[in-house]
2 protein chains.
Amino acid sequence: MMNFEPIKKVNSYELIVEQIEARIRDGELSAGDRLPGERRLMETFSVSRSTVREAMRVLHATGVVEPHAGDPRGSEVIPFSPKTLQRPLARMAHQEGTSRAELIQFRLLLEGQSALLAAALCSDETKDEIESRAADLAELAASDSADAVEEFGRVLSAFHHAIRLASSNQLLQATGQAVDGALTEIARQRLDDETHGLARRGRLGQSAQDAAGLAERIRDGDAAGARRTATENIYRFYRDSLTEAERATLEPLVG
Amino acid sequence: MMNFEPIKKVNSYELIVEQIEARIRDGELSAGDRLPGERRLMETFSVSRSTVREAMRVLHATGVVEPHAGDPRGSEVIPFSPKTLQRPLARMAHQEGTSRAELIQFRLLLEGQSALLAAALCSDETKDEIESRAADLAELAASDSADAVEEFGRVLSAFHHAIRLASSNQLLQATGQAVDGALTEIARQRLDDETHGLARRGRLGQSAQDAAGLAERIRDGDAAGARRTATENIYRFYRDSLTEAERATLEPLVG
DNA sequence: TCGTGTTACTGGTCAGACCAGTAGTAGAAA
DNA sequence: TTTCTACTACTGGTCTGACCAGTAACACGA
């Protein structure tokens, strides 16, 4: 069994990236620290500035570093942000082959578990925050302002966001937010269909009520109930726009 | 309320990235297609090659494009890969301790829901595949080959992969794989500690048994049972390496 | 028909230059 | 003395133009 190593053509800029990332892992560099300027780096690494530059581009693109043009202190090492995950997730969601049903299925699952964790673990202040969002929804549903529907969508999104935040899990938060974003964007793109918007209009009250029920279960620390309520609400929200087969793939996650 | 737009300093290379990503989203470019060469791109975008180059670096770093040096056909647009998520996830987990628990929490949740969906929806052939992996594990646990432990890790990973595949959800599959990968990478890096490896060695039998039990529940279509078993198995796997507080954040998801 | 060498490209790297913009400081104004 | 201002010496962003090692494809000879 010829057990050779696969040859890896190493590009110089990747070596620089690795060295800097290693320094961060080892704690020699941490968020807030400044990197030497590009001209200094080209000397310490014995490469041209283009090469240093490409390394910096990669580090910037992956959310490791933030450049500060004009600042003599050089680029800054920044802390991890969920936004780093959001980009690739959005890309994946947009990709051909990822069906809308899968997206909804994934959302159902994420929001359900978020609600569960929120009910089980989060603090009273956070529960206040969630209930406050639910109250916002009720108020909006009662109003008959012209753009209440659109505003309702935003506030509903904020409500779910608060729950994800309450789950105290950054990953859940980032993925949930990404999926939410992807779905609303798809909705916006496909909504030449006026009826859907109008249909939602008729259900604002229902949605607000759902949210209130969910907030209450989270308040009570009823983890299982919160999960069930969250999934049921979301399922109801999408049900009418799905085919029979699609519903079948969602139902195992509901209730 | 002065409602001005926040100014966005746009770097040229970012505009190029956006244009190319937009083309991909709109389906005008898709996996396998080739981008024009850098010299061609600098003309079409009216920028210098450095700028084109930095754009390409970003696209490459975010897993959108694969360069082929020397190939006259230019860089290739590649399909989405979970590896794209794996890097930022690993980085996030490396940060200040706290997030390892989050990673495990997230994994617990993903694998649990995967098992649930697999049990509820997947075909008989897929169930065969899962049971076959479980059998591999049992065989390995019984053997006493030198590198059985390391091999066991790989096969265990394959077992979970099969379950995620059976969930028929690409998002679940990709995120699950990324989290799995990130966790094993962390384990590898922190494993100066020999004892952990040895401890696992003592538990190969247990793990294989767990897997068999999970496979059986999936075979039976026992969705709730599959979810419970999957979470319990994973929880047991990590329990001893966690603090009391970390365990508390995981327990709501178990059982 | 089948190798084979040439060729015209590719991406990776280098060098050196200019620009707009910022932090910090030295000096002018109060 | 304090406050404001102009300057300076840097920063990152962009450009130009060049060389290299490597590859795909094609024309060519066997």
Side-chain angles (χ1 to χ4, degrees), chain A residues 4-21 23-24 29 31-79, chain B residues 4-21 23-24 29 31-79:
Chain A
F4 291 114
E5 288 288 310
I7 57 158
K8 46 175 180 181
K9 287 197 235 174
V10 189
N11 296 352
S12 335
Y13 78 90
E14 284 187 357
L15 294 176
I16 299 181
V17 170
E18 276 173 30
Q19 285 201 40
I20 292 180
E21 283 187 336
R23 280 285 208 288
I24 293 176
L29 280 172
D33 289 350
R34 298 296 186 128
L35 251 39
E38 296 178 353
R39 288 152 179 91
R40 203 99 25 122
L41 287 175
M42 66 184 266
E43 288 172 11
T44 70
F45 287 114
S46 298
V47 293
S48 76
R49 201 174 149 216
S50 333
T51 306
V52 168
R53 203 120 233 303
E54 303 200 356
M56 299 308 287
R57 278 283 79 78
V58 172
L59 290 172
H60 177 55
T62 53
V64 179
V65 141
E66 183 67 33
H68 291 284
D71 189 333
R73 291 171 300 179
S75 293
E76 183 184 5
V77 178
I78 60 175
Chain B
F4 290 115
E5 287 288 311
I7 57 159
K8 46 175 180 180
K9 288 199 234 172
V10 187
N11 295 351
S12 334
Y13 77 91
E14 285 187 358
L15 293 176
I16 299 180
V17 169
E18 275 173 31
Q19 285 201 40
I20 292 180
E21 283 186 334
R23 281 285 208 289
I24 292 177
L29 280 172
D33 290 350
R34 299 294 185 129
L35 252 38
E38 296 178 354
R39 287 152 180 92
R40 203 100 26 127
L41 287 175
M42 67 185 266
E43 288 171 12
T44 70
F45 287 115
S46 299
V47 293
S48 76
R49 201 173 147 217
S50 337
T51 306
V52 169
R53 203 119 233 304
E54 304 200 356
M56 298 309 286
R57 278 282 79 79
V58 172
L59 289 172
H60 176 56
T62 51
V64 178
V65 141
E66 183 67 33
H68 293 284
D71 189 332
R73 291 172 300 179
S75 294
E76 183 184 4
V77 178
I78 60 175

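From a predicted model like this one, the values you see are computed outputs, not experimental measurements. Letters A, B, ... mirror the listed sequences (proteins, then strands); counts begin at 1.
- Side-chain atoms of B/Glu14 and A/His60, non-hydrogen and from C-beta on, do get closer than 4.5 Å to each other.
- Atom pair A/Ile16:CD1 and C/dC14:C1' shows a separation of 13 Å (rounding to whole Å applied).
- Residues B/Arg34 and B/His68 meet the side-chain proximity criterion, which asks for heavy atoms closer than 4.5 Å.
- Proximity of B/Arg73 to the phosphate of C/dC9: no side-chain N or O atom is located under 4.0 Å from OP1 or OP2.
- Contact detail for A/Val58 and B/Ala61: the closest heavy-atom pair is CG1-CB, 3.8 Å.
- For A/Ser75, a side-chain nitrogen or oxygen approaches OP1 or OP2 of D/dG12 to under 4.0 Å.
- For the pair A/Met56/A/Pro67, no side-chain contact is recorded, criterion being any heavy-atom separation below 4.5 Å from C-beta on.
- Across the protein-nucleic acid pair, A/Leu15 atom CG and C/dG12 atom P stand 13 Å apart, rounded to whole Å.
- With rounding to whole Å, A/Leu41 atom CG is found 13 Å from D/dG13 atom P.
- If you run side-chain contact (heavy atoms from CB on, under 4.5 Å) between B/Thr51 and each of B/Leu15, B/Ile16, B/Asn11, only B/Ile16 comes through.
- Atom OH of A/Tyr13 is separated from atom C1' of C/dG11 by 10 Å (rounded to the nearest Å).
- The nucleotide whose nearest atom lies closest to any side-chain atom of A/Pro67 is, among C/dT13, D/dC10, D/dG12, D/dG12.
- Side-chain contact between B/Glu21 and B/Leu59 is present, with heavy atoms from C-beta onward closer than 4.5 Å.
- Each of B/Val65, B/Val64, B/Leu35 was compared with B/Leu29 under the side-chain contact (heavy atoms from CB on, under 4.5 Å) criterion, and only B/Leu35 meets it.
- Under a 3.5 Å cut-off, the side chain of A/Asp71 and the backbone N or O of A/Arg73 do form a donor-acceptor pair.
- Atom-to-atom, CE of B/Met42 to C1' of C/dG11 comes out at 14 Å; the value is rounded to the nearest Å.
- Around CZ of B/Arg23, the count of heavy atoms belonging to other residues, nucleotides or ligands within 6.0 Å does not exceed 12.
- The CD atom of B/Glu38 sits 15 Å away from the C1' atom of D/dT16 (whole-angstrom rounding).
- For A/Phe45 and C/dT13, the CZ to P distance is 14 Å, given to the nearest whole Å.
- A donor-acceptor contact under 3.5 Å is formed by the side chain of A/Arg39 with the base of D/dG12.
- Within the helix from C/dT1-D/dA30 to C/dA30-D/dT1, the inter-axis angle between the opening and closing five-pair segments is 0°, rounded to 10°.
- Near DNA chain C, meaning a heavy atom under 4.0 Å from it, residues 49-63 of chain B has B/Arg49, B/Arg53, B/Arg57 in order of number.
- Residue contacts for A/Arg34: at a heavy-atom cut-off of 4.0 Å it reaches no nucleic acid atom on any strand shown.
- Atom CG in A/Asp71 sits about 6 Å away from atom C1' in C/dA23, given to the nearest Å.
- The residue among B/Gly70 and A/Ala69 whose nearest nucleotide of DNA chain C is located toward the 5' end is B/Gly70.
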